[in-house]
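Please read all numbers here as calculations on a predicted model, not as lab measurements.
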2 protein chains.
Amino acid sequence: MDTTQRTEQQRSADRRRRELLEAADRVVLRDGPQASMNAIAAEAGITKPILYRHFGDKSGLYAALATRHTDALLDSLRAALDAPADRRERVEATLDTYLAAIEARPQVYRFLMHPAEGSQSDPGSDQGFDVGKHTAPLLRRMGEELAQVIEDRLDLGPESQQLARVWGHGIVGMMHAAGDWWLYERPCSRADLVRILADLLWGRLAAAGDKVGGPGF
Amino acid sequence: MDTTQRTEQQRSADRRRRELLEAADRVVLRDGPQASMNAIAAEAGITKPILYRHFGDKSGLYAALATRHTDALLDSLRAALDAPADRRERVEATLDTYLAAIEARPQVYRFLMHPAEGSQSDPGSDQGFDVGKHTAPLLRRMGEELAQVIEDRLDLGPESQQLARVWGHGIVGMMHAAGDWWLYERPCSRADLVRILADLLWGRLAAAGDKVGGPGF
DNA sequence: CATCTGTGTTACTTGCGGTAACACTAATGT
DNA sequence: ACATTAGTGTTACCGCAAGTAACACAGATG
């Protein structure tokens, strides 16, 4: 009973699964998050039941697809965060890496961040589903990873763990919201956005002076 | 042709519309964002076509519903942001107001932030739909409002407009992501969360010292 | 009195997620 | 060699939700 020993059929199944995932990827890239199972099956040259055998249900397929992209993105973010440079440079590099990724493939970004409905499909079942279960897992994973980095590398006193986790999720949320808005409105260059966000994290909000005698005040 | 003069029938229709919205509200509060049109109609004691006559389609109903809650939340946030106190206190009060709101009515929060599919339903139509169109409008509105406040009240030099908008969306995103995570995990009290986030905005990340000689590093 | 406006219905279409039930092929074990 | 098993694939269906006719009725309005 060696579980690591894969039979010929199993390896063929894995290969097929990868092919199906690639087909699904193409469809999602073309149609966005609302790609239907029928469309994906058609793209793969087969019919629905096979998809369901491989991935259980739509959430399963989406999860498998999301995991691939999420892992890839997280890898590049980790690289930027681990570069040998001072803290501000690393932060800017990480922000820029994220923004470059969503800029390069906005359809993938939409799929990861706005997964239509996902999960919790079966209304006849008993599953309760808590608040927050729908949040894109990518945000959570990024938040947790950043929290870990912060906690490992920064000296934050006794509360360090709580601080790091809040900051991790908070900073990731800042990056996400600003990036989402920027991608849609394109109000400035990527470099400008990166610098302005880093300035915010570096306390420039607290340091700014009050505006006195503005127009009408 | 006085458009302000409403006939008896029109006022009755408005009243009915409000009643339907309240019924929809109850259902969404009970069932979450995936409430079906059938369920809402049943709660209102009528059948589907009437809903469609009043709101066009599901997105229309959702938009009408979201607008109500969004307006209410934005009002209370504005109040917190306009209180007579120093900047840090106002920021903390605003954060706390937001967190208290999502804590008090998580179902409403879920509905506003994760509106299932919404919009862009009709695939046969010609609408192109850009990236970001799916984002919950609440986040965008909060970001824009905060940006305006920042620009009006802070002295940020020549780039002030761009800075204010980026910061507005960034800070709102930080608040949202941290709040979402906090609501799900409940890792600390609301007051702690508020303080830690304010510390982040006040530059404590930049000021922290590097950790030296940690376990294994 | 006719008309227009809004309320309400039943019955339908379309499309999607998901599932039987069944046929075929090839690696596998005795 | 032969049955078993594990995989691929199909057609045809169910249930459900969004959305749409087509039609009946009541009351304000001219």
Nucleotide by nucleotide, nucleotides 25-30 of chain C touches protein heavy atoms under 4.0 Å in the pattern (B base, S sugar-phosphate only, - none) --BS--
Geometric cation-pi criterion, R190(B) with W182(B): 6.0 Å, 45°: no
Between A13(B) and S36(A), who's closer to the 5' end of DNA chain C by nearest nucleotide?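 Looking at the nearest nucleotide for each, A13(B) comes out on the 5' side.
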Identify which nucleotide among dG19(D), dG6(C), dA21(C) has an atom closest to any side-chain atom of Q10(B), counting heavy atoms from C-beta outward. dG6(C)
Out of dG17(C), dT8(D), dG19(D), which nucleotide sits closest to the side chain of D57(B)?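 The answer is dG19(D).
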Rounded to the nearest 0.5 Å, how far apart are CG of D71(B) and OG1 of T67(B)?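 The OG1 atom of T67(B) is 6.0 Å from CG of D71(B), to the nearest 0.5 Å.
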dist L205(B):CG -> L154(A):CG (nearest 0.5 Å) comes out at 6.0 Å
For R16(B), is there an ion pair with E19(B) - N to carboxylate O distance below 4.0 angstrom?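 Between R16(B) and E19(B) there is a salt bridge, with a charged N closer than 4.0 Å to a carboxylate O.
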Quick test of your reading of the model: are D82(A) and R153(A) salt-bridged, counting only N-O distances below 4.0 Å?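 R153(A) and D82(A): salt-bridged.
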I need the CE-C1' distance between M37(A) and dC16(D), as an integer number of Å.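 So the CE-C1' distance, M37(A) to dC16(D), works out to 17 Å.
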Think R16(B) has a side-chain N or O under 4.0 angstrom from the OP1 or OP2 of dG8(C)?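 Answer is yes, contact under 4.0 Å.
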Taking only side-chain N and O atoms of H54(A), does any of them lie within less than 4.0 angstrom of OP1 or OP2 on dT8(D)? yes
Could you go step by step and tell me if F111(B) and Y62(B) meet the ring pair (Phe, Tyr, Trp, His ring centres under 6.0 Å) rule? CA-CA 9 Å; F111(B) 164 71; Y62(B) 276 23; 5.3 Å; yes
Please work out which residues in residues 39-52 of chain A have a non-hydrogen atom less than 4.0 Å from an atom of DNA chain C and list them by number. K48(A), P49(A), Y52(A)
Ignoring hydrogens, what is the shortest heavy-atom contact between P187(A) and W181(A)? Give both atom names and the distance.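 Nearest pair, atom of P187(A) first, then W181(A): CG-CH2, 3.4 Å.
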Considering residues, nucleotides and ligands other than Q161(A), do more than 12 of their heavy atoms fall under 6.0 Å from its CD? no
Base dG8(C) paired with R53(B) side chain (donor-acceptor, <3.5 Å): yes
